[in-house]
Amino acid sequence: MQISQELLGKHLVTNFDGQLTVGKIVETEAYRAPEDKASHAYGNRLTPRTKVMFEPGGHCYIYLCYGIHHLFNVVTASDGIAHAVLIRAIEPVWGIETMLQRRNMPQLKTNLSAGPGTCSQALGLTTASSGLSLTDDTAMIWIETPVVSEPFQIQSGTRVGVAYAEESAFLPWRFSIAGNKWVSKAKGL
DNA sequence: CACGGGATCGTCT
DNA sequence: GACGATCCCGTGT
């Protein structure tokens, strides 16, 4: 919860095949097992897929949604506690040409990375990278605090696509940088 | 601009 | 064997 807000404004960096891409995190969602019915680890459900969420924080959980989209999460809690923060949108900062190529887009538009599936694709993140460390010296994915950053207000709302989750569906656990045009359009905010 | 549907496949029952 | 923590494009207004 706190971490999902602290991640706003931070830089998410990937370095695959010598291609450096950087995006400022502008939108996140918190998922907190065991009580959160929207979490894949609800009730501490432990499967081959979810097990990286139970490991100590500092690495990532990436999974495939709707057979098409790779969704990137930061695992945030201590050993045995399955908390994660979904990165829903980034503002491109560096490596824009690479991101456009990955997205197969001719020119820069806000839909380059507004939405969890597209922003993962822009950064080159796939399930193949699930479980990788964000903190190792050799990490290919990591998070940095930008040297300079504009102050911003945090906006919150309910999460997207979790209507099935009963009472958990109404938790205001979606956070974004107010007024940032790279935030996804889902459910207005 | 709002809505509707199709794409597409790993994961769990 | 069903179903998503989604996106995009088509249609109609």
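In what follows, every chain begins at residue 1, and chains take the letters A, B, ... in the order their sequences are listed. Quick note: numbers below take in every heavy atom, side chains included, and nothing from hydrogens, waters or symmetry partners.
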Length of the NZ-P vector between A:Lys185 and C:dC8, whole Å: 11 Å

Which atom names give the shortest non-hydrogen contact between A:Val183 and A:Ile177, and what distance separates them? CG2-O, 3.8 Å

Scan side-chain atoms only and decide if A:Arg103 and A:Gln121 contain a donor-acceptor pair under the 3.5 Å cut-off. yes

Whole-Å distance between B:dT11 C1' and A:Tyr42 OH? 19 Å

Qualifying residue, where the test is side chain to side chain contact (heavy atoms under 4.5 Å, CB included) with A:Lys51 and the options are A:Arg49, A:Glu55, A:Met53: A:Glu55

Please step through side chain to side chain contact (heavy atoms under 4.5 Å, CB included) for the pair A:Thr28 and A:Arg174, ending with a clear verdict. CA-CA 6 Å; A:Thr28 63; A:Arg174 177 184 177 206; over 6 Å; no

Side chains of A:Glu97 and A:Gln101, donor plus acceptor under 3.5 Å: no

Modelled atom types, side-chain donor and acceptor of A:His40 and A:Tyr61, under 3.5 Å: yes

Under 3.5 Å on both distances, the Watson-Crick or G-U partner of C:dA5: none

Donor-acceptor pair, side chain of A:Thr118 and main chain of A:Gly115, under 3.5 angstrom: yes

Mind checking the P distance from C:dC3 to B:dG6? Whole angstroms is fine. 16 Å

Starting at CG of A:Leu64 and ending at C1' of B:dA7, how long is that distance when rounded to a whole Å? 12 Å

Expressed as a whole number of angstroms, how long is the span from A:Lys37:NZ to C:dG4:C1'? 17 Å

Proximal nucleotide (of C:dC8, C:dA5, B:dC12) relative to the A:Arg103 side chain: C:dC8

Under 3.5 Å, is there a donor on one side chain and an acceptor on the other for A:Arg45 and A:Ser39? no

Pairing donors with acceptors under 3.5 angstrom, does anything connect the side chains of A:Thr98 and A:Thr21? no

C:dA5 base stacked by A:Tyr31 (centroids within less than 5.5 Å, tilt under 30°): yes

Which nucleotide in the list C:dA5, B:dC12, C:dC7 gets nearest to the side chain of A:Thr118? C:dC7

Under a 3.5 Å cutoff, is there a donor and acceptor pairing between the side chains of A:Thr50 and A:Thr47? yes

In residues 67-92 of chain A, which residues come under 4.0 Å of DNA chain B by heavy atom? A:Gly67, A:Ile68

Going by heavy atoms closer than 4.0 Å, what residues in residues 47-61 of chain A are next to DNA chain B? A:Thr47, A:Pro48, A:Arg49

Presence of A:Tyr63 side-chain N/O under 4.0 Å of C:dG4 phosphate oxygens OP1/OP2: no

Side-chain N or O of A:His40 less than 4.0 angstrom from OP1 or OP2 on B:dT11? no

Is the phosphate of C:dA5, meaning OP1 or OP2, less than 4.0 Å from a side-chain N or O of A:Arg32? no

From the candidates B:dC9, C:dC7, C:dA5, the one with an atom nearest any side-chain atom of A:Val162 is C:dA5

How many Å lie between CZ on A:Arg174 and P on C:dA5, as a whole number? 15 Å

Give the rounded distance in Å between these two atoms: CD of A:Glu27 and P of C:dA5. 16 Å

Value in whole Å for how far the C1' atom of C:dT6 lies from OH of A:Tyr164: 13 Å

Length of the line joining A:Asn44:CG and B:dC12:P, which is rounded to integer Å: 15 Å

For B:dT8, give the paired nucleotide (Watson-Crick: N1-N3 plus N6-O4 or O6-N4; G-U: N1-O2 and O6-N3; both under 3.5 Å), or none. none

